[in-house]
Amino acid sequence: MKANFKKRKINEKIFLITLSYGGELLVSACSTSQIHNVQTKGEISKEFLYANAKCGDSEEERYLQKQIINQLKIKNIYGRDLNIKCKILHFDEGNRFARYMVGFGAGAATTTIKIELENQQNEKIGEFEVSAEMKMGAFGGSALNTLEESAVKIVNFVEKNYIK
C-alpha cells in the first residue's frame with residue numbers, strides 16, 4: 001500500500017514537471033502572418049544599425065511592443081536608431097472552443113497591425129501592415145500567438161530592409 005502511494009506521488013511529480021515545461025506547447029498554436037501595403041519614402045536603404053519599438057497603450061499593444069523588443073534583442077539590433085511605431089488596427093481573439101473542437105478556420109483569431117518607421121529626426125521613412133491569423137491549435141491556442149508571430153515578421157522585415 002505504501003509503495004503504491006509513493007509510486008503515485010512520484011508519477012504526479014513527473015506529470016507536474018512535464019506539464020510545467022511542456023504546458024506552453026499545449027495551449028499555443030501556429031499562426032500565419034503576412035506583410036502588405038508596404039510604402040516607403042524614396043528608396044529603401046539599409047542605413048540603420050539598431051531599432052526600437054513603441055506601440056499604443058492597450059494591453060495588446062503593450063504585449064506586442066514587448067515581443068518586438070524581445071526579438072530585436074535576440075537579433076542584437078535593439079537600440080535608438082530606427083523607431084518602429086505600431087498600432088493594432090484589428091484584434092479578434094476568435095473563439096478558442098471553436099478552434100479546438102471544429103478547427104478548419106472556425107473561431108480563428110485575427111490581427112492587423114499598422115507599422116510606421118521613423119528615423120531619429122522623427123521623419124516617417126516607411127510604413128506597412130502585418131496581418132496574422134490562427135485557425136487551430138492544441139486546446140484552441142492563445143490569440144496572443146498572432147501578436148507573437150507578427151512581432152517576428154515585423155523584426156525580420158525591418159532587419160532585412162533597413163538594418164546594415
Side-chain angles (χ1 to χ4, degrees), residues 23-48 50-163:
E24 186 175 317
L25 294 175
L26 294 174
V27 295
S28 67
C30 293
S31 64
T32 59
S33 63
Q34 59 182 329
I35 291 179
H36 50 92
N37 297 338
V38 176
Q39 298 177 8
T40 61
K41 184 177 179 182
E43 196 172 308
I44 295 178
S45 64
K46 298 177 100 174
E47 60 184 273
F48 301 97
Y50 305 104
N52 189 24
K54 177 63 179 134
C55 299
D57 295 324
S58 73
E59 186 177 332
E60 292 83 11
E61 287 171 324
R62 287 191 308 269
Y63 184 79
L64 175 63
Q65 178 179 317
K66 181 179 175 187
Q67 296 304 311
I68 293 171
I69 289 172
N70 285 342
Q71 289 298 314
L72 292 168
K73 287 179 178 179
I74 288 169
K75 292 181 173 279
N76 248 357
I77 56 173
Y78 176 69
R80 302 258 180 227
D81 208 4
L82 174 68
N83 297 313
I84 302 170
K85 292 190 170 186
C86 40
K87 178 174 177 50
I88 296 177
L89 302 176
H90 169 79
F91 181 71
D92 182 358
E93 294 185 40
N95 186 309
R96 185 178 229 167
F97 182 74
R99 284 193 302 270
Y100 177 67
M101 295 304 288
V102 180
F104 305 107
T110 57
T111 302
T112 304
I113 304 160
K114 181 174 182 165
I115 302 296
E116 290 185 356
L117 303 172
E118 294 181 348
N119 61 20
Q120 289 179 328
Q121 291 75 36
N122 294 324
E123 299 168 332
K124 186 164 74 167
I125 60 168
E127 65 181 71
F128 59 93
E129 290 182 4
V130 180
S131 295
E133 183 176 45
M134 182 181 58
K135 294 182 179 178
M136 64 175 72
F139 292 113
S142 169
L144 293 177
N145 189 265
T146 60
L147 297 177
E148 295 163 6
E149 174 68 26
S150 295
V152 170
K153 189 69 99 175
I154 291 163
V155 171
N156 287 342
F157 181 83
V158 167
E159 180 183 38
K160 178 183 176 186
N161 294 289
Y162 293 93
I163 304 295

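- When all heavy atoms of A53 and I68 are compared, the pair lying nearest together is CB-CG2, 3.5 Å.
- Distance OH/Y50 to CD1/I77: 10.0 Å, rounded to 0.5 Å.
- More than 12 heavy atoms of other residues, nucleotides or ligands sit less than 6.0 Å from atom CG of N122.
- In terms of heavy atoms, N52 sits closest to G79 at CB-O, 3.1 Å.
- Remark: E133 CD to Q34 CD distance equals 9.0 Å, nearest 0.5 Å.
- Annotation: the span from L72 atom CG to I163 atom CD1 amounts to 7.5 Å, rounded to 0.5 Å.
- Using modelled atom types, one side-chain atom of Q120 and one backbone atom of R80 make a donor-acceptor pair closer than 3.5 Å.
- Looking at Y162 and T40, their side chains come closer than 4.5 Å, going by heavy atoms from C-beta outward.
- Closest approach of I113 to L147, counting heavy atoms only: CD1-CD2, 4.2 Å.
- A distance of 10.5 Å separates CD1 in I154 from CD in E149, rounded to the nearest 0.5 Å.
- Looking at every heavy atom in both residues, V130 comes nearest to F128 through CG2-CE1, 3.7 Å.
- Within a 6.0 Å radius of CD in E59, other residues, nucleotides and ligands contribute 12 heavy atoms or fewer.
- Looking at E118, its side chain never comes within 3.5 Å of a backbone N or O of N83 through a donor-acceptor pair.
- Under a 3.5 Å cut-off, the side chain of E127 and the backbone N or O of K114 do not form any donor-acceptor pair.
- Using a 4.5 Å heavy-atom threshold, the side chains of K75 and N156 count as touching.
- Within 6.0 Å of atom CD in E43, 12 or fewer heavy atoms from other residues, nucleotides or ligands are found, so the atom counts as exposed in its surroundings.
- Taking 4.5 Å as the limit, every side-chain heavy atom of I115 sits out of range of all side-chain heavy atoms of F157.
- Without hydrogens or angle criteria, K46 side chain to K160 main chain gives a donor-acceptor distance under 3.5 Å.
- S150 OG to I35 CD1: the interatomic distance, rounded to the nearest 0.5 Å, is 9.0 Å.
- A distance of 11.5 Å separates CD in Q39 from CG in L117, rounded to the nearest 0.5 Å.
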### Task
Might you work through the side-chain contact (heavy atoms from CB on, under 4.5 Å) test for V158 and F48, ending with a clear yes or no?
CA-CA 10 Å; V158 167; F48 301 97; over 6 Å; no
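- Nearest heavy-atom pair across E93 and A109 is O-CB, 3.5 Å.
- No donor-acceptor pair closer than 3.5 Å links the side chain of Q65 to the backbone N or O of E61.
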